Amino acid sequence: MTSAEHTGLSVAVDQNPFLADGARTVDAIVTVEATDDLVVSVPPAPRVEILIIDASGSMGGGDKFAGARRATLAALDVMPDGTRFAIVEGTDKAQVVFPTQGPSAVASPQERANARRALDRLSPHGGTAIGTWLGLSRLIAQQHPGAMVHAILLTDGKNEHETPERLAEEIRLSTGVFTCDCRGVGADWNPDELRAVASALHGTVDIVKTADLLAQDFATMMETSMEKAIPELTLRVWTPVGARISFIKQVAPFIEDLTARRIETGPQVGEYALGSWGAEDRDYHVQLDVEPAAADREKLAARVTVLADGEILGQGLVKAAWTTDTDKSARISRRVAHYTGQAELAQTVQEGLTARKQGDFATATAKLQRAYHLATASGNENTAKLLLSVVDVVDERTGTIRLRNKVDPVDEMALDVRSTKTARVRKEP
């Protein structure tokens with residue numbers, strides 16, 4: 001393992017650099033860790049929080065809208081005084097319902113009370129146009145230049161009142177302007193729509209099964225947002241002539257494919273935006289295709305650098321060494337193997353659920369049986385537990401499963417949404 005550290009940020013590379021004679025594929029797990037020292041050294045940026053609440057007619061069913069109001073207030077309660085905030089009402093239109101003047105209010109006991117009164121005046125009506133909600137949130141963010149802007153978006157339905165193209169364009173225009181965590185309540189929303197928003201805007205997506213659970217979730221998201229002190233980290237990857245990047249994926253704490261986010265910044269150099277950070281660590285799987293060298297020769301396959309605002313904070317080297325010693329080349333990095341399995345697990349779950357929805361029960365059974373094996377073998381207890389809501393284990397010894405005849409749609413959606421959350425495997429000391 002190689003590592004480099006500077007000003008509270010470390011970059012560690014875990015790999016087996018030895019390749020069989022003539023082999024081209026190099027795999028490495030790159031761990032980026034930001035410490036409290038880095039977080040406290042960053043000058044605090046102004047903060048803006050935008051709470052985007054679905055107020056469409058479907059939110060009037062049961063306790064959903066009352067739960068959304070309680071959740072909004074719970075988020076405001078944990079927001080430090082002095083933080084700017086705005087509340088957006090989302091229907092087939094979008095409007096700022098608080099504050100009534102200006103792009104944002106400054107959190108204080110009085111402004112929280114004013115926000116509560118504004119929320120009490122709302123009632124569910126109209127449709128759902130998520131791209132329009134993002135567009136208004138972007139306008140709010142743009143009126144706070146230099147601020148870290150974070151949004152929480154809640155919906156219970158599908159984006160039925162604008163075209164998919166409009167949503168995609170609003171996501172594109174909002175990328176890099178603000179970050180956004182997305183939540184769906186109940187089982188009538190579209191995971192792919194919220195995944196697209198959260199992925200592009202460096203946020204999370206999750207399901208909240210019932211409205212009574214929203215308040216705690218909103219408070220937790222707000223507290224996590226307040227811990228993000230570094231507005232943006234960037235991963236810069238240099239590769240030598242003759243080498244190319246097959247993919248770069250975040251593999252922990254959840255899987256996110258960064259490959260298509262590459263921005264070319266120079267000869268053989270590309271950069272990948274990593275979003276805002278607090279004191280935390282994330283793992284990335286880098287796979288490279290390299291020109292083979294002669295046996296017993298080592299060369300640099302990639303240089304991975306982490307930057308903040310143009311300043312280099314850490315760097316790691318991915319190496320390749322060709323050998324005729326099969327014992328050396330056959331060794332697989334424990335962490336590379338683990339995260340390759342976690343990526344396969346997520347993909348297999350998605351494929352199994354898709355097959356089930358399409359009525360291809362033979363494929364669904366095979367895929368979800370494979371997923372259950374991967375989850376239990378890798379220690380991903382959360383995914384294994386979620387799988388047991390849609391399958392029954394017939395034989396624990398062989399891992400044989402069968403599909404359940406009746407599945408709660410909320411449980412199926414939870415498996416879908418949370419399948420990309422990985423079990424961590426820590427770097428070697």
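Because only heavy atoms are used, hydrogens play no part in the values below, and waters and symmetry mates are left out as well, while side chains stay in. For clarity, every value in this text was computed on a predicted model and none was experimentally measured.
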Test: [X] and [Y] ion pair at under 4.0 Å:
| X | Y | answer |
| --- | --- | --- |
| Arg195 | Asp192 | yes |
| Arg138 | Glu170 | yes |
| Arg70 | Asp212 | no |
| Arg424 | Asp281 | yes |
| Asp188 | Lys158 | no |

Evaluation steps, salt bridge (charged side-chain N to carboxylate O under 4.0 Å, His left out), between Arg261 and Glu271: CA-CA 8 Å; Arg261 297 183 187 175; Glu271 292 186 350; over 6 Å; no
Contact between [X] and [Y] at the side-chain level, heavy atoms closer than 4.5 Å - yes or no?
| X | Y | value |
| --- | --- | --- |
| Ile140 | Val88 | yes |
| Ile245 | Thr239 | yes |
| Leu9 | Val32 | yes |
| Asp81 | Arg112 | yes |
| Ile52 | Leu154 | no |
| Glu412 | Asp416 | no |
| His144 | Ser104 | yes |
| Ile130 | His161 | no |

Tyr272 ring center near Tyr284 ring center (under 6.0 Å):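 No: the rings miss the under 6.0 Å criterion.
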Ring centroid separation His150 to Phe178 under 6.0 Å: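 Centroid separation for His150 and Phe178: 6.0 Å or greater.
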Backbone of [Y] reached by a side-chain donor or acceptor of [X] within 3.5 Å:
| X | Y | result |
| --- | --- | --- |
| Asp36 | Gly8 | no |
| Asp54 | Asp156 | yes |
| His373 | Gln369 | no |
| Thr422 | Pro253 | yes |
| Glu162 | Gly131 | yes |
| Arg282 | Leu274 | yes |
| Lys249 | Leu258 | no |
| Gln15 | Val26 | no |
| Thr175 | Leu201 | no |
| Glu381 | Gly379 | no |

Residues Asp289, Ser246; criterion side-chain hydrogen bond (donor to acceptor under 3.5 Å, both in side chains); working and verdict: CA-CA 6 Å; Asp289 180 88; Ser246 301; 5.5 Å; no
Which pair of heavy atoms, one from [X] and one from [Y], lies closest together, and at what distance?
| X | Y | result |
| --- | --- | --- |
| Gln342 | Ser378 | NE2-OG, 2.7 Å |
| Thr383 | Lys421 | OG1-O, 4.1 Å |
| Val106 | Gly82 | CG1-CA, 3.6 Å |
| Val39 | Ala229 | CG1-CB, 3.5 Å |
| Ala219 | Ala74 | CB-O, 4.2 Å |
| Ala75 | Leu51 | CB-CD2, 4.0 Å |

Looking just at side-chain N and O atoms, do [X] and [Y] make a donor-acceptor pair shorter than 3.5 Å?
| X | Y | value |
| --- | --- | --- |
| Asp14 | Ser333 | yes |
| Arg47 | Thr83 | no |
| Ser389 | Arg404 | no |
| Ser199 | Glu256 | yes |
| Asn159 | Glu193 | no |

Chi angles and distances behind the side chain to side chain contact (heavy atoms under 4.5 Å, CB included) call for Leu387, Leu415: CA-CA 7 Å; Leu387 279 161; Leu415 174 59; 3.8 Å; yes
Qualifying residue for side chain to side chain contact (heavy atoms under 4.5 Å, CB included) with Gln347, from Gln350, Glu351, Glu344: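 Going through Gln350, Glu351, Glu344 one by one, the side chain to side chain contact (heavy atoms under 4.5 Å, CB included) with Gln347 is satisfied by Glu351 alone.
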side-chain hydrogen bond (donor to acceptor under 3.5 Å, both in side chains) assessment of Arg356 paired with Thr363: CA-CA 8 Å; Arg356 185 181 182 278; Thr363 298; over 6 Å; no
Among Asp206, Thr155, Thr204, side-chain hydrogen bond (donor to acceptor under 3.5 Å, both in side chains) partner for Arg183: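 Of the listed residues Asp206, Thr155, Thr204, the side-chain hydrogen bond (donor to acceptor under 3.5 Å, both in side chains) partner of Arg183 is Thr204.
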When rounded to the nearest 0.5 angstrom, what is the spacing between [atom1] in [X] and [atom2] in [Y]?
| X | Y | atom1 | atom2 | answer |
| --- | --- | --- | --- | --- |
| Thr100 | Asn114 | OG1 | CG | 8.5 Å |
| Ile263 | Arg236 | CD1 | CZ | 12.0 Å |
| Leu288 | Thr25 | CG | OG1 | 9.0 Å |

Does atom [atom1] of [X] have more than 12 heavy-atom neighbours from other groups under 6.0 Å away?
| X | atom1 | result |
| --- | --- | --- |
| Leu173 | CG | yes |
| Arg24 | CZ | yes |
| Asp408 | CG | yes |
| Ile332 | CD1 | no |
| Gln216 | CD | no |

Criterion side chain to side chain contact (heavy atoms under 4.5 Å, CB included) on Glu111 and Phe98, from CA distance to verdict: CA-CA 9 Å; Glu111 289 294 58; Phe98 192 80; 3.8 Å; yes
Salt bridge (charged side-chain N to carboxylate O under 4.0 Å, His left out) evaluation trace for Glu165 with Arg172: CA-CA 10 Å; Glu165 292 76 16; Arg172 186 188 69 79; over 6 Å; no
Chi angles and distances behind the side chain to side chain contact (heavy atoms under 4.5 Å, CB included) call for Val306, Thr234: CA-CA 6 Å; Val306 177; Thr234 300; over 6 Å; no
Ile152 vs Cys180, side chain to side chain contact (heavy atoms under 4.5 Å, CB included): CA-CA, chis, key distance, verdict: CA-CA 6 Å; Ile152 295 174; Cys180 186; over 6 Å; no
